[in-house]
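As the structure lists them, so they are numbered: ligands from 1, and atoms in each ligand from 1.
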Amino acid sequence: MTQIKNLDKNIKLFCIGQSILKRKIYALGIGNLKNAVLFTGAIHAQEWLTCSILLRFFEDIFSKKTLHGVNLSDIFEHRGLIVVPLCNPDGVEIALGGPKTAKQLCSPIEAIIKKSDKSWQANARGVDLNHNFDAGWDVLKKLERQAGITSPSPRQYGGICPQSEPETKALVSLCNALNIKKVIAFHSQGEEIYYYYGPNTPPESELMADALAASSGYQVRKPEGLASHGGFKDWFIKAKSRPGFTVEVGVGQNPLPIEMLEPIYEKIKEMMIVAMLL
Ligand SMILES: [Zn+2]
């Protein structure tokens, strides 16, 4: 993690690591970062709209005094918010501009794409970052084999070992370094909220998920199958025994179009504030 840089007296910008192709992974922080909730976006390449949604929220947070009647300076006196809007910068470039954006990795990516009919969700090495965290690794690998996934792939290949990828390591290091209290991982789509991962799930997480659902109209769900292990929120709950959530924003087919940014944001803005207050 690079040194934290003050953009103004309240806003901090820092780099938490680099992607496979050496693109920087940035974090924005506001308030008391010793007591912070972490919002992450775009860990899946086709879900780049979550990056824009998080930046949109951060823009509101730092430019307004109140949001939904909540006094923001009161909140940030004791609490902090860290946003990592773009966890998978190489993958999002591939999703938007094709394999040529991956420069020296263009040919291996083209070879992976040729073998599959799936759209690109992974990083530049064909590892699905949200399957690369250390949570239920053996079960995850068994499920991958059952699904016929045994090598780098546009999606759902978890890598050779947990946290093998620099993007995954960057998030783990950030949580450890700043002792993050709560995580909300934004994905798309489905208007769903996931809060559970095994026995380390804090008892209050279900009630928190209900509050997030009540403030957005989204549904609380339990994960199944290949999506059940190896995710960022799974690792956070398992490693920290603290509340972690996955929020699937919007409805439609990924990638959700940019025109959906404002309607989705309007629907979940209150939930994002509630997530900071819980
Ligand atoms: Zn996703």
Residue H44 atom name (nearest to the Zn ion (ligand 1); N/O/S) | ND1
In H187, the N/O/S atom nearest the Zn ion (ligand 1) carries the name ND1
Using modelled atom types only, decide if a donor and an acceptor are shared between the side chain of N132 and the backbone of C161 within a distance under 3.5 Å.
-> yes
Given side-chain hydrogen bond (donor to acceptor under 3.5 Å, both in side chains), test Q121 with Q156 step by step and report yes or no.
-> CA-CA 8 Å; Q121 288 278 51; Q156 295 187 324; over 6 Å; no
Taking the six-membered ring for Trp and the full ring for Phe, Tyr or His, determine whether the centres of H229 and F133 are under 6.0 Å apart.
-> no
Backbone or side-chain N/O/S of E47 under 2.8 Å of the Zn ion (ligand 1) | yes
Report the distance from atom CG of L171 to atom CZ of F232, rounding to the nearest 0.5 Å.
-> 4.5 Å
